[in-house]
Amino acid sequence: MSDRATTPAHPAENGELITHNSQRTTSDAVQGSYYGLPVVKAPHWRWLVITYFFFGALAGGGFVVGTIAEFFSHDRALVRAARYLSLAAILPSPPLLILDLGRPERFLNMLRIVKLRSPMSLGSWALTGLSLFSGIAAGLQILSDLRGRPTMPLLSRIAAILGMPFAIFVCGYTGVLLAITNVPLWARSTYLLGPTFVASAFSSTVAALSLILGITGGEEKTGLRLARAGTVAVTAELTLLMLGLARLGKLGRPLTAPPLGLIFWPWTVGLGMVTPLIVLSGAVRGKQWSLRTRILTSLLALSGSYSLRMLMIFAGRKSAERPEDYFEMTDR
Amino acid sequence: MLSKKRSLGDIIRSHVGIVPERPLSPNTLRIQSRLEGAEVGVSVCPYCAVGCSQLVYHRDGTVLSIEGNYESFINGGTLCPKGAATYGLVVNPNRLTTVKYRAPGSDHWEDVSLDWAMERIAQLTKETRDRTFVHQTPDGKTVNRTTGIAHLGGATLDNEENYVIKKLFTAGLGMVYVENQARI
Amino acid sequence: MTETITLTPHSSSPTAKGFLTDTSLCIGCKACEVACKQWNQLPLDDLDWFGTSYDNTRKLGATTWRHVTFAEVPGAGGAGGQTNWLMMSDVCKHCQHAGCLEACPTGAIIRTEFNTVVIQQDVCNGCGYCVPACPYGVVDLNVEGSAADGKAHKCTLCYDRLSDGLEPACAKACPTDSIIFGDVIELQERAERRVDDLRDKGLPAYLYGNEEAGAGGGIGNLGAQFILLDDSARYNLPAHPSLPQDRTFGAVAAMAATALALTAATAWAFKKS
Amino acid sequence: MPGLGARLGRGGATTAENDLGNADCIVIMGSNMAENHPVCFRYVMKARERGATIIHVDPRFSRTSALADRFVRIRPGSDIVFLNGLIRYAIENETYFKEYVQAYTNATTLINPEFQDVEDLDGVFSGLIPEEGRYDNSSWQYQGQTEPPSPPMHEQLSSMSYAQRVGNLEGKWPPPSDPTMQDPNCVFQILRRHVSRYTPELVEELCGVPQEEFLAVAEAISRNSGRERTTAWCYAVGWTQHTTGPQIIGACALLQLLMGNIGRPGGGIMALRGHASIQGSTDIPTLYDLLPGYLAMPNTFDKHETLHDYIETETPKTGWWHNLPRYMVSLLKAYYGENANPENDFCYDLLPKLSGDYSTFPLFLAARAGAVKGLFLMGQNPAVGNVDAGFMREALAHLDWLVVRDLFEIESATFWRDSPEVKSGRLKTADIKTEVFLMPAAVAPEKDGTSTNTQRLIQWHDRTVEPPGDATGEPWFIYHLGRRLREMYAGEDTPQARQLQSLDWDYPLDERGEPVVEEILKEINGYTVADRKQLPGYAAARDDGSTACGCWIYSGVYPEEGKNLARSRVSDEQYSLGWGFAWPSNRRILYNRASADPEGRPWSERKKLIWWDEAEGKWTGHDTPDFPVDKAPNVPVKEDAEGMDALSGADPFIMMSDGKGWLFTPSGLRDGPLPTHYEPLESPVENPLYAQKTNPVAKYWPRRGNRLARQQDPNFPYAITTYRLTEHHTAGGMSRWVPWLAELQPSFFAEISPRLAARVGVDNGDWVVISTPRNEIEARALVTERMHAHRVRGKEVETVGLPYHWGYSGLVKGDAANDLVSIVAEPNVSIEEAKAFTCNVRKGRLRREL
């Protein structure tokens with residue numbers, strides 16, 4: 001908070017409550033604010049939670065794509081990559097969350113109750129469920145790879161099915177978590193933030209898989225599948241994001257206007273979504289991209305997905321500090 | 001506190017649901033104020049002259065809470081911000097607890113014993129008084145006074161304190177420079 | 001010189017308790033802020049000065065559970081009320097449906113037998129999800145300064161005092177009885193009478209904390225209601241806030257629908273070639 | 001004290017705090033009650049909720065103004081113009097309470113024809129001796145009365161005892177009067193002429209208050225006075241801290257007498273004292289010119305050689321003060337015990353005699369000059385609490401030794417290391433030779449004792465916990481200091497040894513070695529010497545040495561063994577006579593005889609308080625009668641009688657020599673019998689009324705560190721006033737070390753209007769430097785519309801507002817506003833002028849770091 005009072009003595013431009021404006025019309029509903037001070041408070045989440053949002057999406061997305069692959073593509077390499085991706089992404093998730101807690105030693109209290117109207121309560125249980133089923137699926141995958149032949153495929157398919165709801169929830173609940181608050185930027189996009197994050201989970205999972213398979217030399221067919229899935233996912237992500245911004249209007253400024261806007265447009269949208277969309281849709285239409293291009297595109301998509309979550313958190317903090325935004329949201 | 005025993009069904013219902021509102025912890029069931037088993041004395045607020053009556057809750061020699069006294073016709077349990085902060089005045093790490101002494105010209109305090117300080121102050125008082133005591137003025141009027149020693153303060157002190165100060169300093173030592181805030 | 005006190009635990013059938021803060025009587029003395037800090041032994045926040053009139057507390061937070069606002073608004077007011085300088089003692093609203101309670105994943109935040117909202121300090125693990133859920137920005141994590149304990153804190157409506165039949169510290173201290181503590185039902189009637197009385201005196205008084213102003217939107221009536229003399233924005237209060245968790249199922253449904261659609265699309269993408 | 005004492009008879013609030021709830025109109029002037037006495041303001045709010053009109057008259061809009069029905073923005077230093085305007089309005093529009101004025105005030109008394117008013121002598125009264133800077137008040141006396149001319153004094157005592165204040169009238173009794181109040185020499189006509197020029201137009205011109213607002217206040221007061229309704233006034237140091245302080249308060253007492261509000265429920269004058277026991281510290285005074293019970297300290301100017309001389313000089317012929325000898329002898333018996341006997345004048349000669357003004361400012365001037373070697377600071381912080389604090393700190397640096405007893409390491413104890421003068425290099429720590437002792441003191445809950453609040457109520461506080469470490473209460477310190485000194489003087493045969501050895505000093509000690517405080521209270525109450533039985537009240541005091549009484553006005557607080565009324569805590573709906581003990585004799589509303597008409601019947605049913613019960617043959621009612629209980633209303637004045645016989649049954653003001661409320665004070669105030677507007681010694685406005693612009697007998701000590709700005713000095717164009725905030729306590733010694741208070745108001749700030757801020761070029765929050773001829777200090781600027789220029793004599797006068805709580809120690813630090821104030825003193829009580837002087841303001845900071 002700058003040492004100077006936020007309320008200059010002489011008449012201010014933007015209608016903040018000024019110490020001595022001469023005319024005060026009783027009828028203007030929410031023209032002023034209380035010295036420009038925040039009304040609501042943003043959460044204290046920073047890098048640990050942002051990173052968890054990223055890994056959670058891959059963990060959930062990995063499991064979902066793995067299951068889809070298992071039932072719809074008979075592409076063992078893809079299923080294996082997805083299972084291992086899901087396991088790799090699920091392992092760091094709980095520690096990230098626990099470290100972020102004010103009292104980490106009480107992390108088990110997250111499972112002390114079940115509260116259906118609390119996205120955080122639902123998320124805690126979903127993460128637990130996903131850890132279980134992702135563990136089983138990955139465990140069976142490891143056994144299969146060690147033995148050279150599929151082990152207990154039936155159990156693996158059951159786990160895949162049973163784990164699906166938890167995985168889907170973990171994919172997108174991080175968006176819902178932000179939406180079910182009073183931060184104007186998030187609350188005003190209640191029905192779009194979740195979908196955007198789930199789409200982003202799909203696109204980053206596809207990117208991660210094409211990265212893994214690109215490096216480990218997956219077949220050409222898998223690459224086409226991923227390109228087609230990726231095109232759909234990135235298109236959905238970009239559309240939902242733009243719809244959200246349209247819906248937000250002025251309330252979206254913390255995200256779209258400088259300073260965060262200077263990162264959002266070029267990195268999150270440009271490099272993170274539009275570029276991968278071009279490359280993927282090209283691939284779908286048969287364009288042969290070099291391995292280097294495909295890997296670079298995957299990395300861009302992944303970094304774009306991380307930046308989306310990072311900017312959404314930091315823009316949320318800024319949005320909560322603007323009383324006029326909150327009054328705009330609540331009192332109009 | 002809730003006294004009745006909670007059945008297993010109650011516990012589950014209170015922990016799982018759309019919005020389970022009362023998943024109480026063991027401590028919450030036994031909640032009580034920190035005045036349990038405390039003693040209470042009645043005091044007068046040391047700040048302004050409205051004279052609000054204060055309840056001083058204490059136990060084993062430490063103050064627990066200082067609040068307004070409902071029974072007083074002046075404040076009826078209420079207090080102003082200073083009165084409400086009296087606990088912070090009494091229980092305060094900045095409170096002086098030792099006698100500090102600064103030798104002439106020194107740039108620091110030394111901690112000294114109360115006894116040493118009292119003896120030294122008595123010596124200084126006697127020495128200064130003997131040097132400046134006037135029994136009679138040149139024109140023969142008995143005055144019995146000293147203008148070498150002065151006293152200042154008293155508006156925040158008790159009546160009994162001001163009484164013995166005036167009695168010793170004026171009637172006993174002949175000091176005439178005895179003053180307090182009532183004038184400034 | 002002093003005698004041991006006897007405390008009378010509250011009756012077995014406790015009623016809903018709350019505050020009514022009548023700002024037309026508030027003299028901005030901050031006795032409530034200090035009395036609250038004294039009873040709950042809350043530490044000093046900071047020693048910064050901001051020139052925002054006589055308010056250097058500036059907000060409720062983890063170590064400040066009462067906050068008196070000062071809005072210098074020339075020309076306001078009339079006989080028998082505050083003129084030109086609006087003062088109000090802000091506090092947790094103890095909502096009928098509380099955003100913090102509904103957000104809390106550990107069940108640390110509970111509804112007491114007095115219908116007030118309290119954070120159980122032996123359960124809270126400091127996840128901080130209650131902080132953005134409060135429509136009034138009341139609750140916060142205690143994460144700064146030497147006394148930080150990483151947990152969420154807010155006004156408990158002196159749950160410990162109520163349990164021993166004592167009045168909350170702020171209501172007891174308030175010199176002009178601007179803060180009144182009592183049964184929510186009685187406070188409701190008293191508030192209506194008082195608002196009419198002030199309006200007769202020509203003051204733009206209204207009750208803040210019900211459907212018309214200050215609550216509604218799923219929050220229901222507030223446990224701590226206020227009689228205000230100006231737009232609620234002057235007191236840093238939203239006129240029509242809402243309970244975020246009313247949107248939980250809708251948001252989850254939208255997210256799930258998108259997920260299923262994308263699952264289907266991905267399935268089509270994998271199956272096609 | 002003399003503001004109320006000279007006109008009503010006692011220097012204390014005439015009413016009780018909860019009695020304000022019975023008022024129909026409350027005028028708060030010279031006070032910011034909601035901030036500095038919030039719990040007393042509780043009853044102002046209760047009155048308002050019952051429909052009373054609340055008026056706040058003050059230079060700046062404060063939290064009190066926000067809750068008042070009407071806020072009148074008055075220019076600092078123009079209070080008497082406003083009050084005299086109200087007096088003129090009451091007289092010209094005949095809204096004064098005629099029967100009350102005729103019966104209970106000296107309106108009808110004829111004054112010596114030689115008296116000349118300020119109207120005749122262009123700003124001064126008759127009897128001014130310019131070279132001595134004082135008045136000879138013989139021309140002010142009642143017709144046919146002579147008061148022994150005040151003796152020639154080279155350095156006049158700055159104040160006088162109560163006995164002198166209430167008139168020591170010789171000559172025919174009762175004094176001549178004109179019941180029709182038409183005689184030109186009667187007080188009423190003199191008063192009418194005196195205030196004739198204080199018209200609403202003049203109020204607008206000098207106070208900057210629009211006429212309509214002034215008239216609205218005048219009408220509100222008129223509507224709410226008389227038989228059925230009463231108006232109460234509340235004031236604090238906003239009135240006292242002027243060179244015309246007691247005259248301002250006197251003007252209010254005069255107005256309240258005219259409107260018939262004194263002594264009645266919901267009326268009277270509430271003097272709001274700042275410190276917990278400031279009233280107590282003038283009743284049992286650690287003041288140089290008074291002995292306990294407002295008895296005068298003997299001096300070398302008056303005929304005070306022997307006890308007989310003292311009694312003859314000091315004892316008025318008429319009124320309650322005629323009992324003075326009993327109180328003086330009983331006091332000497334309390335001081336000197338069995339050493340005091342009729343043969344040695346009860347050790348009267350052992351009392352030191354004054355030869356001049358030993359008030360606070362001369363004390364520090366003498367310390368600066370090296371005449372005062374040692375100083376005991378017991379609960380005061382002059383390094384930032386006294387005016388011209390820079391000069392005070394320099395004076396401290398010239399002491400040989402200094403003993404400070406306080407709760408925290410206050411500025412007065414650390415001046416040698418932390419003061420601005422040391423920081424700026426003007427003083428070097430090594431050069432300051434003062435030997436300093438800083439001793440820990442105790443707070444109320446850590447010690448037994450009583451304090452006297454603003455409505456003269458003596459309340460006991462219990463010791464609940466021990467003081468921390470070596471901290472002790474003052475009784476421990478003073479008793480053992482006295483004990484050690486007596487041991488040192490043992491066997492010495494010198495006058496100073498005899499003085500100390502004669503003291504009655506063997507108090508019973510408790511297990512901590514501290515005098516049992518209840519025994520001291522019993523001594524204050526008084527006891528019979530023979531069998532040490534407690535006196536039931538001061539009526540039992542005798543002048544033959546058979547009784548001892550530490551403070552006669554407190555007698556009755558401990559009437560019997562084991563009956564400590566200060567510790568009784570029984571409240572009720574009326575005046576809670578069972579809670580604590582209000583001096584005198586537990587009377588809550590002073591002069592309450594005036595709440596009944598001359599025949600003893602209440603003026604009205606609504607404002608009933610005490611009345612004459614014919615059947616019982618005594619006064620009765622809701623309060624202890626402030627009147628001889630069995631003296632019937634129709635008892636006439638006895639010709640040339642003495643004491644109370646000289647007063648009739650219809651004279652409520654029993655302390656006054658004629659039993660009347662004094663509209664005109666023939667004696668008792670050194671600067672004139674009637675309130676007159678003089679500009680502050682430093683003022684941006686010229687006084688158009690008289691050639692004499694400022695108080696002719698104000699006291700000023702020209703010294704290097706104490707220069708004054710000229711009148712309308714262009715270098716110091718802005719008016720300035722100092723005040724307190726509710727979050728801090730006086731100079732901050734008890735609030736800047738308390739975390740919960742320091743955080744509420746952390747920084748020293750100056751309140752200035754947006755227009756002045758624009759002229760100086762600062763925004764809200766910027767630093768400004770405020771300067772006067774004494775010193776410069778820096779503060780944050782709080783730019784607010786609550787400050788506003790006054791339109792005075794055709795020009796805009798800006799006012800700067802400074803809260804004065806800060807200093808160079810504590811959790812929150814800041815410059816001391818008192819550095820700016822001058823050492824000037826009002827002639828009656830030597831109080832400084834901190835509420836109205838002039839300054840300059842500029843943008844920026846001072847160089848030195850704090």
Side-chain angles (χ1 to χ4, degrees), chain B residues 41 43-44 46-47 49-52 56 58 61 73 75 80 85 88-90 94 96-97 99-100 102 104-105 107 114 117 122 124 126 128 133 135 141-145 148-165 168 171-172 174 176-180 182 184, chain D residues 37-40 273 275-276 278 280-282 284 286 300 335 349 352-353 358 360 363 372-376 378-380 401 429-430 433 435-436 438-440 443-445 449-450 453-454 459 461-462 464-465 468-470 474 478 482 484 488 495-496 500 503 517 520 571 576 737-738 740-741:
Chain B
S43 180
V44 181
Y47 282 104
V50 171
C52 297
V56 182
H58 59 102
F73 73 102
N75 55 321
C80 80
L89 180 71
V90 176
N94 305 299
L96 295 172
T97 55
V99 180
K100 293 180 187 295
R102 184 255 181 184
D107 61 358
L114 191 53
L124 285 170
K126 179 171 192 318
T128 307
F133 194 81
H135 177 46
K141 286 187 175 164
T142 308
V143 284
N144 275 332
R145 72 167 176 247
I149 310 173
H151 158 274
L152 196 59
T156 56
L157 301 185
D158 292 340
N159 294 316
E160 297 76 15
E161 294 174 323
N162 282 330
Y163 179 75
V164 289
I165 290 171
L168 176 67
V176 283
Y177 280 121
V178 174
E179 271 291 281
N180 74 45
I184 58 158
Chain D
H37 298 86
V39 177
C40 195
R273 309 299 187 190
H275 287 276
I278 212 160
S281 70
T282 57
I284 299 179
T286 42
T300 54
Y335 273 175
D349 65 325
K353 293 189 179 55
Y358 302 105
T360 300
L363 186 162
V372 172
K373 315 277 185 219
L375 173 63
F376 289 91
M378 303 173 78
Q380 190 164 333
W401 49 275
T429 298
K433 296 301 179 213
E435 189 172 346
V436 182
L438 176 54
M439 304 182 74
V443 198
T450 63
N453 85 347
T454 199
Q459 296 185 93
H461 49 85
D462 299 325
T464 52
V465 291
D470 282 342
E474 304 323 312
I478 289 292
R484 286 170 188 265
M488 289 180 182
Q496 59 261 36
L500 182 56
L503 216 55
V517 173
I520 302 173
S571 278
S576 302
W737 277 266
V738 179
W740 295 325
L741 295 176

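Throughout, protein chains are lettered first and strands after them, A, B, ... in sequence-line order, and every chain is numbered starting at 1.
Per-residue heavy-atom pair counts under 4.5 Å with chain B were compared for D:P440, D:P468, D:G469, and the maximum is reached by D:P440. Most heavy-atom pairs under 4.5 Å with chain B, from the set D:G482, D:A430, D:G280, D:P38: that is D:A430. When the candidates B:T97, B:N159, B:T156, B:L168 are compared by the number of heavy-atom contacts under 4.5 Å with chain D, B:N159 comes out ahead. With chain B as partner, the option from D:H275, D:M439, D:M488, D:R273 having the largest number of non-hydrogen pairs under 4.5 angstrom is D:H275. When each of D:V436, D:V372, D:L500, D:I520 is scored by its heavy-atom pairs under 4.5 Å with chain B, the top score falls to D:V436. Residue with the most contacts toward chain D among B:V44, B:V143, B:N144, B:L152: B:L152 (heavy-atom pairs, distance under 4.5 Å). With chain D as the partner, the residue from B:S43, B:P104, B:A49 showing the most heavy-atom pairs under 4.5 Å is B:A49. In terms of heavy-atom pairs under 4.5 angstrom with chain B, the leader among D:R484, D:Q459, D:H461 is D:R484. Counting heavy-atom pairs closer than 4.5 Å to chain D, the top-ranked of the candidates B:G148, B:G154, B:A117 is B:G148. Most heavy-atom pairs under 4.5 Å with chain D: of the set B:N75, B:L89, B:L157, B:V90, this distinction falls to B:L89.
Here the side chains of D:I478 and B:E161 are not in contact, with every heavy-atom distance at 4.5 Å or above. In this structure, B:H151 and D:T286 have side chains that are in contact, with non-hydrogen atoms separated by less than 4.5 Å. The closest side-chain heavy-atom distance from B:Y47 to D:L741 is below 4.5 Å. When side chains are defined from C-beta on, D:Y358 does not count as touching B:V178, because their heavy atoms never get closer than 4.5 Å.
Side chains of D:T429 and B:D107: no donor on one and acceptor on the other come within 3.5 Å. Side-chain contact, D:S281 with B:N162: no donor N or O sits under 3.5 Å from an acceptor N or O.
Using cut-offs of 30° and 60° on the angle between ring planes, the pair B:Y163 and D:Y335 is tilted.
Only the side chain of B:F133 comes within contact range of chain D, with heavy atoms under 4.5 Å apart. Residue B:T128 touches chain D through its side chain alone, counting heavy-atom pairs closer than 4.5 Å. Interface remark: D:W737 contributes backbone and side-chain atoms alike to the contact with chain B (heavy atom separation under 4.5 Å). For B:K126, the parts lying near chain D are the backbone and the side chain together; criterion is any non-hydrogen pair under 4.5 Å.
Proximity of a side-chain donor or acceptor of B:N180 to a complementary backbone N or O of B:A182 within less than 3.5 Å is detected. Formation of a donor-acceptor pair under 3.5 Å by the D:Q380 side chain with backbone atoms of B:G153 is found in this model.
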